[in-house]
Structures are given as structure tokens and as C-alpha cells.
Amino acid sequence: MSSTAAFLASFATILIGVALGTGLRRALPAELLEGGAKEAIRLSAGFLSTLAALVIGLMIASAKNTYDNQNSNLRQLGTNAVLVDEMLTKYGPEAKAARTLLREIIPSAAARIWRENAAGKGGDPNFVVSETAERFYRAVEGLNPVNAEQTSLKSRIIQITTDMGRTRLLVFTQADDAIPLPFFIVLVFWLAVIFASFSLFAEPGLIVVTSTLVFALSVSSALFLIVDLSHPFQGLMQISDHHLKMVLPKIE
């Protein structure tokens with residue numbers, strides 16, 4: 001579910017709720033909306049508003065957690081790439097081919113990560129290691145150390161390279177929606193009921209209509225930002241790929 005779809009769906013549903021409340025106000029006899037009925041509806045709407053606030057808080061926490069996890073994964077991926085490159089440099093000129101391949105892997109991996117997340121659930125559900133990554137792993141495995149220092153460096157390079165692969169898999173497996181669709185649908189339904197209760201007792205007028213539209217727009221905008229935050233590689237608040245693509249210096 002995209003953030004734009006979340007905004008439009010919530011805004012339209014809330015307006016439908018407002019229209020239903022206004023229609024019921026005109027259709028029902030005035031005495032039915034007085035006394036105990038009025039108080040009961042207001043108490044129920046207040047209780048539902050509290051539940052909706054709690055659910056929105058959970059949605060914000062879930063979306064922020066997803067965003068932070070993916071951002072951390074990308075930074076870890078870039079950090080490990082720099083460490084591997086430094087160790088390959090210390091290893092000697094024999095590792096130049098591996099360094100060259102590493103500079104091909106990182107930009108292509110960044111482009112693939114954003115492409116996979118843009119495709120969403122319609123993309124390939126299985127992770128496939130790229131040909132360039134396979135060549136890099138073979139280049140690292142093919143290093144033949146001639147002294148104790150190179151032996152130690154190769155072991156550490158293999159370990160960090162394995163960590164890079166694990167981090168890349170985490171980015172792939174954590175790409176699911178942080179906010180389940182049924183969760184969002186129930187919340188929007190609650191909001192429609194709440195706004196319907198508002199319009200049920202308010203006499204339609206310029207101030208009432210304007211304030212209702214502003215409040216509906218505000219709530220829908222909040223949901224837009226929450227859903228946008230839950231998609232770290234799309235939308236207004238997507239993670240920048242600049243630091244990942246430019247993390248390695250050119251080979252001299």
C-alpha cells in the first residue's frame with residue numbers, strides 16, 4: 001500500500017463518514033439525538049478516539065522501527081565494504097581484481113535494493129545472488145597468502161564479506177510492509193465512525209464544514225506520513241543511496 005493510496009483512501013472514507021453523520025442528523029427526529037442517546041454516542045466516540053490514538057501510536061512505532069532497521073542495515077553494508085576494501089589494499093596488488101569487483105558490487109547492489117522495494121510484493125520472492133557478487137567471492141577465495149599477515153587478512157576479509165552477505169539478506173527479508181492492510185482498514189473505519197459522530201450533532205455551517213475538512217485533511221496527512229515512513233526506499237522520506245554508492249574511493 002502506497003502512502004498516496006493511504007491518504008486518498010482515509011480522506012475519502014472520513015468524508016463518507018461525515019456525510020453519513022450529516023444525513024442521519026437530517027433523517028432522524030431531533031428528540032432521538034437528545035438526552036441519553038447523545039451522551040452515549042459521545043462517550044462511545046471518545047472511547048473509540050482513545051483506541052484510534054493508541055493504534056496510530058503503534059503504527060508510528062512500527063514504521064519508525066522498520067525505517068531505522070533498514071537505515072542501519074545500509075550503513076552496516078557500507079561500513080563493511082570500506083573495511084573489506086582497506087584489508088584488500090593491505091593484502092597487496094594481488095587483490096586489485098577483487099577491489100575492482102567490489103566497486104561494481106556496491107552501486108549495483110544499491111540500485112537493486114531500491115528496485116526490489118519499488119516492485120514490492122510483485123517482485124521475485126526469492127533472493128538471487130548476482131553474478132558480480134559471485135565473481136567477487138571467487139576472487140576473494142582465490143587469494144593465495146604467502147605469509148602470516150596475508151593469511152590473517154584473508155580470513156578477516158572472508159568473515160566481513162560473509163557479514164555483508166548476511167546484511168544484504170536482512171535488507172531483502174525486512175522489505176515487507178510494516179503496517180498490515182487489515183490493520184489500516186480497521187483504523188480508517190474507526191476514524192470514519194468518529195467523524196460521523198461529530199457531524200451527527202453539529203449543525204452544518206461554514207465554520208463546521210471548514211473545520212471538519214481541515215481535521216480530516218490533518219488526520220489523512222498523518223496517515224500519509226506514517227505509511228511513507230514504513231517504506232524506507234520509496235516516497236518523500238526514503239533513505240538516500242548516495243552514501244552507499246559513493247562509499248568507496250577510486251582505485252589509484
Residue pair [X] / [Y], side-chain heavy-atom distance below 4.5 Å:
X      : Y      : answer
Leu191 : Leu223 : yes
Pro232 : Asn71  : no
Lys64  : Ser230 : no
Phe183 : Val188 : no
Val84  : Met87  : no
Leu170 : Asn69  : no
Phe7   : Leu217 : yes
Gln150 : Leu143 : no

Give, for atom [atom1] of [X] and atom [atom2] of [Y], the distance between the pair rounded to the nearest 0.5 Å.
X      : Y      : atom1 : atom2 : result
Asn144 : Thr151 : CG    : OG1   : 10.0 Å
Arg75  : Asp68  : CZ    : CG    : 10.5 Å
Ile239 : Gln234 : CD1   : CD    : 11.5 Å
Phe195 : Trp190 : CZ    : CH2   : 15.5 Å
Thr132 : Arg112 : OG1   : CZ    : 10.0 Å
Ile179 : Thr66  : CD1   : OG1   : 8.0 Å

Give a yes or no on whether [X] and [Y] share a hydrophobic cluster (residues Ile, Leu, Val, Met, Phe, Trp, Tyr; joining criterion: side-chain heavy atoms under 4.5 Å apart).
X      : Y      : answer
Phe189 : Val18  : yes
Ile16  : Val209 : no
Val208 : Leu24  : no
Leu20  : Ile185 : no

Between the side chains of [X] and [Y], is a donor N or O closer than 3.5 angstrom to an acceptor N or O?
X      : Y      : value
Gln70  : Asn73  : yes
Gln76  : Asn80  : yes
Gln238 : Trp114 : yes

Closest heavy-atom contact between [X] and [Y]?
X      : Y      : answer
Arg99  : Leu88  : CG-CB, 3.5 Å
Phe11  : Leu213 : CE1-O, 4.2 Å
Ala192 : Thr13  : CB-O, 3.6 Å
Ala216 : Ile14  : CB-CG2, 3.6 Å

* **Arg168 and Ile113: CA distance, side-chain angles, deciding distance, side-chain contact (heavy atoms from CB on, under 4.5 Å) verdict** => CA-CA 9 Å; Arg168 176 66 182 91; Ile113 288 171; 3.6 Å; yes

query = With a distance cut-off below 6.0 Å to the six-membered ring centre and an angular limit of 45° from the axis, does Arg25 pair with Phe201 as a cation-pi contact?
reply =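 No, Arg25 does not sit over the ring of Phe201.
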
Would you say [X]'s side chain and [Y]'s backbone share a donor-acceptor pair under 3.5 angstrom?
X      : Y      : value
Tyr91  : Glu86  : no
Ser199 : Ala196 : yes
Thr210 : Ile207 : no
Ser152 : Ala148 : no

Can I get a per-line list of side-chain donor-acceptor pairs under 3.5 Å for residues 46-62, giving both atom names and the distance, sequence neighbours left out?
{"unit_1": "Ser49", "atom_1": "OG", "unit_2": "Ala45", "atom_2": "O", "d": "2.7"}
{"unit_1": "Thr50", "atom_1": "OG1", "unit_2": "Gly46", "atom_2": "O", "d": "3.1"}
{"unit_1": "Ser62", "atom_1": "OG", "unit_2": "Ala178", "atom_2": "O", "d": "3.0"}

More than 12 heavy atoms of other residues, nucleotides or ligands under 6.0 Å from [atom1] of [X]: is that the case?
X      : atom1 : value
Arg135 : CZ    : yes
Glu149 : CD    : no
Phe233 : CZ    : yes
Leu43  : CG    : yes

message = Quick test of your reading: applying salt bridge (Lys or Arg N to Asp or Glu O under 4.0 Å), list the pairs with at least one residue in residues 206-220, sequence neighbours left out, ordered by first then second residue.
response =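 Pairs touching residues 206-220 that pass the test: none.
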
